[in-house]
Amino acid sequence: MLLVLSEEQKAHLGFLPRAGGAGKLNIDVDTVQHGVEGLSYLLTESSKLMISEIDFQESIQVLGFSDELNQLLLQLYLDNRKEIRSILSELAPKLPSYHSLEWRLDVQLASRSLRQQIKPAVTLKLHLNQNEDQTAQVLQTDPSTLLHLIQQLEQALGEMKTNHCRRIVRNMK
Amino acid sequence: MRFRFCGDLDCPDWVLAEISTLAKISSVKLKLICAQVLRDLLGEAIEYEKILKLTSDAKLESGDVKATIAVLSFILSSAAKHNVDSESLSSELQQLGLPKEHASGLCRSYEEKQSSLQDRLKACSLRLSRLGSVCWRVDYILSSSELQDVNEPLVHLTFNVQDRVRGGTAAVPVTLSADKFRVLLSELKQAQALMNTLL
């Protein structure tokens, strides 16, 4: 598929041929900034859509650059495509993810209202990561609920081994 | 194969893989590296440069140095966690392929610090909140807007509670009349008597 550049973006990228070569750029700050923005848009959109070489070349044809510059841009795109895609993949919104779990097993022996008890309880502190923020959730459960929880989680893991999931995983690879 | 120092479970694959890296270091240097790792586990500062110097002879890459620290950290803390004695640890490590001198050097370092390590792990265990201190004051109310002659004592208590969940200390002030305070005191004394039967 072809990348469609707006007139404004074409104008921004128009500064590139003038900026060729090392040395001082005799161009004002705004033009340079627009040029950089235009270039980064070109690269991120191409990487995002995984445009093929031919499509990329045809898309930048409209800018009317020299063949040398076109080749340079193509090489830039191909060299950095993978890295740009990995950075873009991290920008997707994320749910809090598991970091670590602390737990403690207690037994309640007595309270103000009742002596001679035996009441076990498991206290959990679930550490979560969300966009570099660390939060913690404190939960408490009795052993039978904990066993039920473990059973449910093992069932969930077991789902991966069913034929239905296996078929999907195979097709994704 | 089940290992006591892994909590009667299989040894993790990565630990197995790093045992061969440990064998590359001389047993004397390994004991010194163990001492450094134990410092870190006990909450003191680890001297990374010393470890780098000790591993330089074995020509380990930086990734291998970090892996060495990680595997020693795991072995020592996991053995302390499951209260494994030093001879059992030595024999289990030899079963995993660690040479005898390396295993015995490591276990000697472990044995020296086993109880401090266990104390430290106990202190790091999950706690939700902790009472820091209690301040008190006894007042005597002479009179109030409701009654001219009150003449009653009043106890002010401030509990300084450390919140382990969110961090920080909170001060909880409470005032009690003499009767309420007597009830609180007797209930707490009963709880203390119960705790003493368990110690």
Side-chain angles (χ1 to χ4, degrees), chain A residues 82-83 86 95-158 160-161 169, chain B residues 6-10 12-14 40-41 43 70 73-74 77-78 80-83 117-131 157 159 161-170 174 176 179-199:
Chain A
K82 218 170 172 188
E83 201 179 333
S86 75
L95 290 170
S97 65
Y98 172 80
H99 180 251
S100 62
L101 180 72
E102 285 180 81
W103 59 266
R104 190 178 86 197
L105 175 64
D106 296 318
V107 176
Q108 181 172 308
L109 297 170
S111 67
R112 186 182 177 188
S113 8
L114 184 65
R115 305 297 150 84
Q116 313 272 1
Q117 296 176 31
I118 296 186
K119 209 164 129 187
V122 178
T123 310
L124 303 162
K125 192 168 171 186
L126 188 61
H127 291 266
L128 301 167
N129 264 335
Q130 183 170 28
N131 305 326
E132 280 106 46
D133 265 334
Q134 287 238 12
T135 55
Q137 278 277 46
V138 179
L139 308 158
Q140 200 174 51
T141 174
D142 56 274
S144 46
T145 312
L146 183 65
L147 281 172
H148 179 71
L149 185 68
I150 294 172
Q151 221 179 28
Q152 291 295 310
L153 290 173
E154 284 181 343
Q155 264 183 25
L157 274 178
M160 278 299 288
K161 301 202 178 106
V169 170
Chain B
C6 297
D8 289 327
L9 296 170
D10 292 326
D13 288 335
W14 67 273
D40 177 53
L41 289 172
S73 239
F74 174 81
S77 58
S78 193
K81 186 199 284 195
H82 297 108
N83 205 20
L117 199 52
Q118 284 175 323
D119 286 338
R120 168 95 185 155
L121 291 172
K122 192 192 282 194
C124 290
S125 293
L126 179 59
R127 281 287 291 261
L128 293 177
S129 64
R130 205 176 208 125
L131 182 62
L157 290 172
F159 298 100
V161 182
Q162 289 172 3
D163 186 351
R164 293 298 209 94
V165 180
R166 270 168 289 270
T169 314
V174 182
L176 304 121
D179 286 333
K180 263 279 192 310
F181 181 68
R182 273 186 216 111
V183 173
L184 176 67
L185 194 59
S186 85
E187 294 287 340
L188 287 176
K189 279 184 176 164
Q190 287 179 36
Q192 185 185 40
L194 269 165
M195 278 173 75
N196 284 334
T197 62
L198 295 167
L199 284 171

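In what follows, every chain begins at residue 1, and chains take the letters A, B, ... in the order their sequences are listed.
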Quick check on Ile118(A): does its CD1 atom have over 12 non-hydrogen neighbours (other residues, nucleotides or ligands) under 6.0 Å away? no
Listed pairs under 3.5 Å, donor-acceptor, residues 190-199 of chain B side chains, sequence neighbours left out:
from      : atom 1 : to        : atom 2 : distance (Å)
Gln190(B) : OE1    : Arg115(A) : NH1    : 3.0
Gln190(B) : OE1    : Arg115(A) : NH2    : 2.9
Asn196(B) : ND2    : Gln192(B) : O      : 3.4
Thr197(B) : OG1    : Leu194(B) : O      : 2.5

Using a 4.5 Å heavy-atom cutoff, which residues in residues 98-114 of chain A come close to chain B? Glu102(A), Trp103(A), Arg104(A), Leu109(A), Ala110(A), Arg112(A)
Give me the contact list for residues 133-149 of chain A versus chain B, heavy atoms only, anything under 4.5 Å, ordered by residue number. Val138(A)
Which atom pair, heavy atoms only, marks the closest approach of Leu128(B) to Thr123(A)? CD1-CG2, 4.0 Å
Is Gln152(A) atom CD crowded by more than 12 heavy atoms from other residues, nucleotides or ligands, each under 6.0 Å away? yes
side-chain contact (heavy atoms from CB on, under 4.5 Å) partners of Asp13(B), counting only residues at least two apart: none
